[in-house]
*Asks:* 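Okay, handing you the structure first.
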Number of protein chains: 2
Amino acid sequence: MKNVTINDVAHEANVSKSTVSHYLNGHFTKMGPETRDRIARAVSKLDYSPNHIAKSLKNKRTMTIGVIVANILHNFSTRVIRSIEDFAHGHGYHVIVCNTDNSSDKEADYIRMLMAKQVDGLVVIPTAKNEALFTELAEKDYPVVFIDRYIEGVPIQSHMLDNRMSVKMAFNHLYEKGHREIGFLTEPVEAIVARQERYDAYLEFCGSYGTHPIPIQVEKEEMVPELEQSAAQGSLPACLIVANDLALFELLKVAKQRDVRIPGELSIISIDDIEFADFFNPGITVIAQPAVEIGTAAVSALFEMMNGRKNATGIERFQPYLIERESVKQYEGQ
Amino acid sequence: MKNVTINDVAHEANVSKSTVSHYLNGHFTKMGPETRDRIARAVSKLDYSPNHIAKSLKNKRTMTIGVIVANILHNFSTRVIRSIEDFAHGHGYHVIVCNTDNSSDKEADYIRMLMAKQVDGLVVIPTAKNEALFTELAEKDYPVVFIDRYIEGVPIQSHMLDNRMSVKMAFNHLYEKGHREIGFLTEPVEAIVARQERYDAYLEFCGSYGTHPIPIQVEKEEMVPELEQSAAQGSLPACLIVANDLALFELLKVAKQRDVRIPGELSIISIDDIEFADFFNPGITVIAQPAVEIGTAAVSALFEMMNGRKNATGIERFQPYLIERESVKQYEGQ
DNA sequence: TTGTATGCGTTATCAT
DNA sequence: ATGATAACGCATACAA
């Protein structure tokens, strides 16, 4: 099944392909009305549709961007991707989605492949270890923006939650409810900035509020056994700030298994809203982050760069907001 | 910043570009070892990387496939996309993700654009209204597979859940627990085959088990008010088969608001597993579907087609499985 | 073993 | 108003 090309159309309409090209690009002033008609007929007769690859080769624009995330299964990533795809589609662009699983090798691989494919820009939730590669991109003025994380020393703009503020709001909410025994549950902080920032903020506020820090930092897989044990020995703090939705899942599993009452025995406030938090029993009080706004702002900035505005390099912070539900106990006597 | 091309490399290495091309494609037998070295040095010195677009134009393969779903935010779609991306990545392919929001216009748009971009294949969860377009694709032997739905009369292979079986399992489970008042909650069936199949199966089993059908078919947005009202007048059935996770969300919201006890007053079994079902209170009994398997089988079939095997056209069914938790009440006296 | 020439399907420059 | 021709960056058939 041979594909019909601009040549076929030209032949069918008895004109040169340059004229057809003009027609296709809307330069109607450059041809007589009857040739225009003839071309129109030829196009629809042959059911011609331009080869975008050839176009891209010539124009050096593929109308495609790449989105690289750790894992599309994460709630935050899904929402971000959706908002990016919406924006891109609104501008005639397509989106290639990639999962790194937090492997920087896979990340580097994807980046190189996407560049080879000449995508017009990249939005990425970066792993921590490709500073050199990213710096190189930035120096080449290749359009890239970060989301959710940034890399120290790499001049690429990032759009992320005000993590410190999110912890501050959580902490403050708990404190106002009379809590003084405030723990913090997180996956290992490692080199993931978002986690680091939240953890640091927690420590900071323990200091400024004068409470004793009770950090629980444990691998996701070991979270359930670890928490089980604490629950069994009754050493769980009276209340917990949970660093993200994945940690929340694990905590809730344990709470159910060990039958710890929320908020009776354990108060919970979690960072990042999750759909079921609303109708869970009890409803989970949450510090939500505006994923759609973040995603949209990021692509939006990317498109500015792709259209030649100079690369911004700062960090754009987005404000979290408290959604109060029922998972935090109010101390009456306080 | 001019991009370095195969010509630059050829020049740098003092060979012709054909030799470089051979080198790049691993045809090392076709050159002397020292020219090979020279080219290697030139490549790394210039930091050359082949332009994939030019390659695609020549080879007529973009190493890219398109995935079209209704909404990436749906749990099922997310999991399917993840499995597809994994498979594709394993074969050196990239994935363009598109959301139709169930609009067939948007769908047609995406399909045309993706074909213009010469993607090598398409996996789609089709809306109901583009029979003509899809039929055309099939006739052109363009590699396409469906997931989750199919279109009557369109010769494109689909990979989907055995919907009838899923309802049968749900119905049977309920019946065995002693239930005789079994309702069915669904979004409007309309032209969505998956919904239709589940609904039809429900009716069928009402017949064969001899129970009175209590279908509740209502738009997602109106589900809450509708259910609220039923709850208020106490006209909710004793037990409900819920057609999918979205409907389950709405139901759970109402249950919480009106304080209807599950499974005390209302037993629930839902089709399609969802993460929180496990640690929800009570745990939601569920008929799960193997999203990853379905996605993987679909891409796998797609790749067969892309590699020239003839288009299969049947419907591939996948078996659901019961995950029993606590949302179904056991009638003792039965 | 290496090079020349041509084509992939466009756009764009420059004639006519 | 229309057409011939040269790129774009690569692969390949054919020569040398």
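This is a predicted model, so every value here is computed, not measured.
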*Asks:* Within less than 4.0 Å of OP1 or OP2 of C:dT11, is there a side-chain N or O belonging to A:Ser21?
*Replies:*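 Yes, such a contact exists.
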*Asks:* Can you tell me how far apart OG1 (B:Thr127) and CD1 (B:Ile192) are? Round to the nearest 0.5 Å.
*Replies:*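 Nearest 0.5 Å value for the OG1-CD1 distance: 8.0 Å.
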*Asks:* What do you reckon, are the aromatic ring centroids of B:His22 and B:Phe28 less than 6.0 Å apart?
*Replies:*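 Aromatic pair excluded; centres sit 6.0 Å or further apart.
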*Asks:* With respect to the phosphate group of D:dG9, does any side-chain polar atom (N or O) of B:Asn3 fall under 4.0 Å of OP1 or OP2?
*Replies:*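 So the side-chain polar atoms of B:Asn3 never come under 4.0 Å of the phosphate oxygens OP1 or OP2 of D:dG9.
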*Asks:* Whole Å only: how far is the CD atom of A:Gln118 from the P atom of D:dC8?
*Replies:*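 Whole-Å distance recorded here is 14 Å.
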*Asks:* Between C1' on D:dG9 and CD1 on A:Ile53, what's the gap in Å once rounded to a whole number?
*Replies:*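 About 13 Å, once rounded to whole Å.
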*Asks:* Is any side-chain N of the basic residue among B:Glu197 and B:Arg317 closer than 4.0 Å to the acidic one's carboxylate O?
*Replies:*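 A salt bridge is present here (some side-chain N lies under 4.0 Å from a carboxylate O).
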*Asks:* Rounded to the Å, how far apart are B:Met31 CE and D:dA16 P?
*Replies:*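 For the pair B:Met31 CE and D:dA16 P, the rounded distance is 21 Å.
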*Asks:* Below 3.5 Å, does any donor atom in the side chain of A:Lys30 face an acceptor in the base of D:dT2, or the other way round?
*Replies:*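 No such pair is found, so the answer is no.
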*Asks:* Rounded to the nearest 0.5 Å, what's the gap from CZ on A:Arg79 to CD1 on A:Ile294? Could you check?
*Replies:*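 Atom-to-atom, A:Arg79:CZ and A:Ile294:CD1 are 9.0 Å apart.
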*Asks:* Before we go on, tell me: are the rings of A:Tyr93 and A:Phe303 under 6.0 Å apart, centre to centre?
*Replies:*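 Centroid separation for A:Tyr93 and A:Phe303: below 6.0 Å.
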*Asks:* Side-chain N or O of B:Thr19 versus OP1/OP2 of C:dT2: is the shortest distance under 4.0 Å?
*Replies:*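 It does not, given that no N or O in the side chain of B:Thr19 lies less than 4.0 Å from OP1 or OP2 of C:dT2.
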*Asks:* Look at the side chain of A:Leu57 and decide which nucleotide, out of C:dG9, D:dC10, D:dA11, has an atom nearest to it.
*Replies:*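 So the side chain of A:Leu57 is nearest to C:dG9.
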*Asks:* Without decimals, in angstroms, what is the distance between A:His27 NE2 and C:dT13 P?
*Replies:*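 A:His27 atom NE2 is separated from C:dT13 atom P by 11 Å.
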*Asks:* Map B:Lys60 and B:Ser16 onto DNA chain C by nearest heavy atom, then report which one ends up closer to the 5' terminus.
*Replies:*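 Result: B:Ser16.
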*Asks:* To the nearest angstrom, how far is A:Lys58 atom NZ from C:dT13 atom P?
*Replies:*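 Distance check: A:Lys58 NZ to C:dT13 P gives 9 Å.
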*Asks:* For A:Tyr48, report the nucleic acid contact type (base, sugar-phosphate, nothing); a contact means any heavy atom under 4.0 Å.
*Replies:*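 A:Tyr48: backbone/sugar contact only, no base atoms under 4.0 Å.
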*Asks:* Mind calculating the distance between NE2 (B:His22) and C1' (C:dG3) to the nearest angstrom?
*Replies:*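 Result: 11 Å.
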*Asks:* Name the residue closer to the 5' end of DNA chain C, choosing between B:Thr29 and A:Ile6 according to the nucleotide with the nearest heavy atom.
*Replies:*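 Its nucleotide being nearer the 5' end, the pick is B:Thr29.
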*Asks:* Does A:Thr5 have a side-chain nitrogen or oxygen under 4.0 Å from the phosphate oxygens OP1 or OP2 of C:dC8?
*Replies:*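 No, no such contact exists.
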*Asks:* Between C:dG7 atom P and A:Asn7 atom CG, what is the distance in whole Å?
*Replies:*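 So the CG-P distance, A:Asn7 to C:dG7, works out to 11 Å.
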*Asks:* Can you tell me how far C1' of C:dG7 sits from NZ of B:Lys17, to the nearest Å?
*Replies:*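 One finds 11 Å between C1' of C:dG7 and NZ of B:Lys17, rounded.
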*Asks:* Is a donor-acceptor pair below 3.5 Å formed from side chain B:Ser18 to base C:dT4, judging by atom type as modelled?
*Replies:*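 A donor-acceptor contact between them is present.
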